[in-house]
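Counting convention: from 1, in listed order, for ligands and their atoms alike. A quick note: this is a predicted structure, and the numbers were derived from the prediction, not measured. Values below: all heavy atoms of this structure, side chains included; hydrogens, waters and symmetry mates excluded.
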Amino acid sequence: MSVSIDGFLKEAYYYRETYKGVQCMICPHLCDLKEGQRGICHTRINIENKLYTEVYGRACALHIDPIEKKPLYHFYPGSTCLSVATVGCNLSCKNCQNSSISQAMPSSVKAVYLPPEELTEACTKNKCNSIAYTYTEPFTYYEYTLESARLARKKKINNIVVSAGYINQEPLKELCQYIDAANIDLKSFDNDIYRRISHGTLQPVLNTLLTIKEAGVWLEITNLLIPSLNDDIDKIKDMCKWLVDNGFSDNPLHFSRFFPSYKLTELPPTPIKTIIEARDIALNAGIKYVYLGNVPQVDGENTYCPSCKKLIVDRKGYDVIDTHIINGKCEYCGYIIAGVF
Ligand code: SF4
């Protein structure tokens, strides 16, 4: 159903009144907003000293995707999810591939009104077993994500967030009660680079990883390697060591190849040699499942058993060709494969 939604508002969660106006508490930016001002994410506005989201149910993208596209490789491999997004992001990454919706104003992008009831119905009708809140930043359309996820959980539909992980702890913990799987983008292991690439900071994202894991949500991590920005080998080593030291060795790590985009058109694609080196570093550090994205010319998408080393999920692009995981174990040696199968 396509309807006019200009002016569609819902009072936001997680904000407080201040002597200047209101302060949004969703993410570490903690935007202080005077009357009429919008947050950095463009989607939250102070009206008469109440904070409103302008994107509740305002779906600007809706697609059926293979779960591998998120990427999630250890969460019901071969299944499909209904992907949804609204306008808005609290970061402004120079390499953003969805800048036309992530950096836009709500009223400037065509959208359909798709409240949680209709979103979950669309998921069931299209025989998807998950809803993925993705493409832009699900934590900036927090109220829509939370209420949809709450309803989806009641209907036994899985909820997936694909996010940059830039959120405060309290709203994250509430949301985690309804989330089944997440892919979090860890952009760099260097705070200055984090600021330069995305205008965010590293520590809140690390906190997000820890909280999601502690909440028992299935977690996979993506690291896009951008030449000259975050491809420093020592930093990749530091990142892998932190992940292993903090209990993430069973959580798949997806290194992704950069291609020139948005504000980084002057940089070359990531050399294949760099991405292969990153995989070796991660495997040597003790991360058991390491994947390479956007590199079809090398074997980077398949799953190998960490114990017997046999191929247990054969993938071509986003398609699963064959699997050898039975009841969550390697068919050949019985090793328990981390994930939800
Ligand atoms: S969610 Fe948006 S308005 Fe709220 S603190 Fe973050 S950037 Fe600011």
Side-chain angles (χ1 to χ4, degrees), residues 7-61 84-94 96 98-109 111 133-149 161-176 178-179 182 184-187 191 194-209 211-212 262:
F8 182 86
L9 297 172
K10 178 180 172 67
E11 189 172 357
Y13 304 162
Y14 292 99
Y15 78 94
R16 66 184 183 104
E17 286 188 34
T18 67
Y19 69 97
K20 287 186 281 188
V22 297
Q23 183 177 41
C24 177
M25 317 287 282
I26 287 284
C27 89
H29 289 308
L30 294 172
C31 295
D32 276 317
L33 304 173
K34 292 183 193 153
E35 172 68 27
Q37 277 188 324
R38 285 193 172 81
I40 290 171
C41 58
H42 303 318
T43 64
R44 308 166 86 77
I45 184 167
N46 176 350
I47 300 174
E48 295 176 354
N49 286 339
K50 284 189 171 180
L51 185 66
Y52 290 88
T53 168
E54 291 187 286
V55 292
Y56 187 83
R58 195 173 199 153
C60 66
V84 67
T86 80
V87 158
C89 184
N90 52 352
L91 299 181
S92 47
C93 302
K94 290 180 175 156
C96 185
N98 292 323
S99 59
S100 64
I101 52 176
S102 72
Q103 304 301 311
M105 300 296 281
S107 60
S108 67
V109 175
Y133 309 90
T134 178
Y135 301 137
T136 55
E137 177 48 67
F139 296 153
T140 56
Y141 54 89
Y142 182 85
E143 295 76 9
Y144 186 39
T145 302
L146 179 64
E147 296 309 333
S148 300
V161 292
V162 181
S163 164
Y166 206 60
I167 184 171
N168 289 330
Q169 287 294 296
E170 211 183 324
L172 176 61
K173 283 179 182 166
E174 183 175 10
L175 185 61
C176 277
Y178 308 100
I179 299 301
I184 300 296
D185 196 8
L186 180 55
K187 293 177 189 296
N191 200 47
Y194 234 98
R195 281 190 195 283
R196 278 176 61 198
I197 295 178
S198 69
H199 301 112
T201 50
L202 172 62
Q203 191 58 50
V205 182
L206 299 182
N207 295 344
T208 292
L209 297 179
T211 299
I212 287 178
Y262 192 37

Distance filter under 4.0 Å to [X] heavy atoms, resulting ligand 1 atoms:
X	value
Gly39	3 (S)
Asn90	7 (S)
Ile26	1 (S)
His29	7 (S)

What residue and atom, counting heavy atoms only, is the protein's closest point to [atom], and at what distance?
atom	value
atom 4 (Fe) of ligand 1	Cys24 SG, 2.3 Å
atom 6 (Fe) of ligand 1	Cys27 SG, 2.3 Å
atom 2 (Fe) of ligand 1	Cys41 SG, 2.3 Å

- Separation between CD of Glu170 and OG1 of Thr211, rounded to the nearest 0.5 Å: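 That separation rounds to 12.0 Å.
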
- Task: Answer side chain, backbone, both or neither: which part of Leu30 comes under 4.0 Å from ligand 1, heavy atoms only.
- Result: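 Within the 4.0 Å criterion, Leu30 contacts ligand 1 through backbone atoms alone.
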
- Item | Minimum non-hydrogen distance to atom 1 (S) of ligand 1, winning option of Met25, Arg44, Arg38 | Arg44

- Applying the side chain to side chain donor-acceptor pair (under 3.5 Å) test to Glu54, which of His42, Lys10, Arg38, Arg44 qualifies? Arg38

- Assess whether side chain to side chain donor-acceptor pair (under 3.5 Å) is satisfied between Tyr166 and Thr201, documenting all intermediate values. CA-CA 8 Å; Tyr166 206 60; Thr201 50; 3.0 Å; yes

- Message: Side chains of Tyr142 and Thr53, heavy atoms from C-beta outward: is any pair under 4.5 Å?
- Response: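 SC-SC contact between Tyr142 and Thr53 ruled out.
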
- Task: Go through the side-chain N and O atoms of Glu147 and Tyr13 and say whether any donor and acceptor fall under 3.5 Å apart.
- Result: yes

- Message: Side chains of Ser102 and Tyr135 only: does a donor on one sit below 3.5 Å from an acceptor on the other?
- Response: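 Absent: no donor and acceptor within the cut-off.
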
- Message: I'd like to know: is atom 8 (Fe) of ligand 1 within the 2.8 Å range of an N/O/S atom from Cys31, strictly under that distance?
- Response: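 Short answer: yes, at least one N, O or S atom is under the cut-off.
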
- Task: Evaluate the side-chain contact (heavy atoms from CB on, under 4.5 Å) criterion for residues Tyr133 and Tyr144: first the C-alpha distance (whole Å), next the side-chain angles of each, then the deciding distance (0.1 Å), finally the verdict.
- Result: CA-CA 9 Å; Tyr133 309 90; Tyr144 186 39; 5.8 Å; no

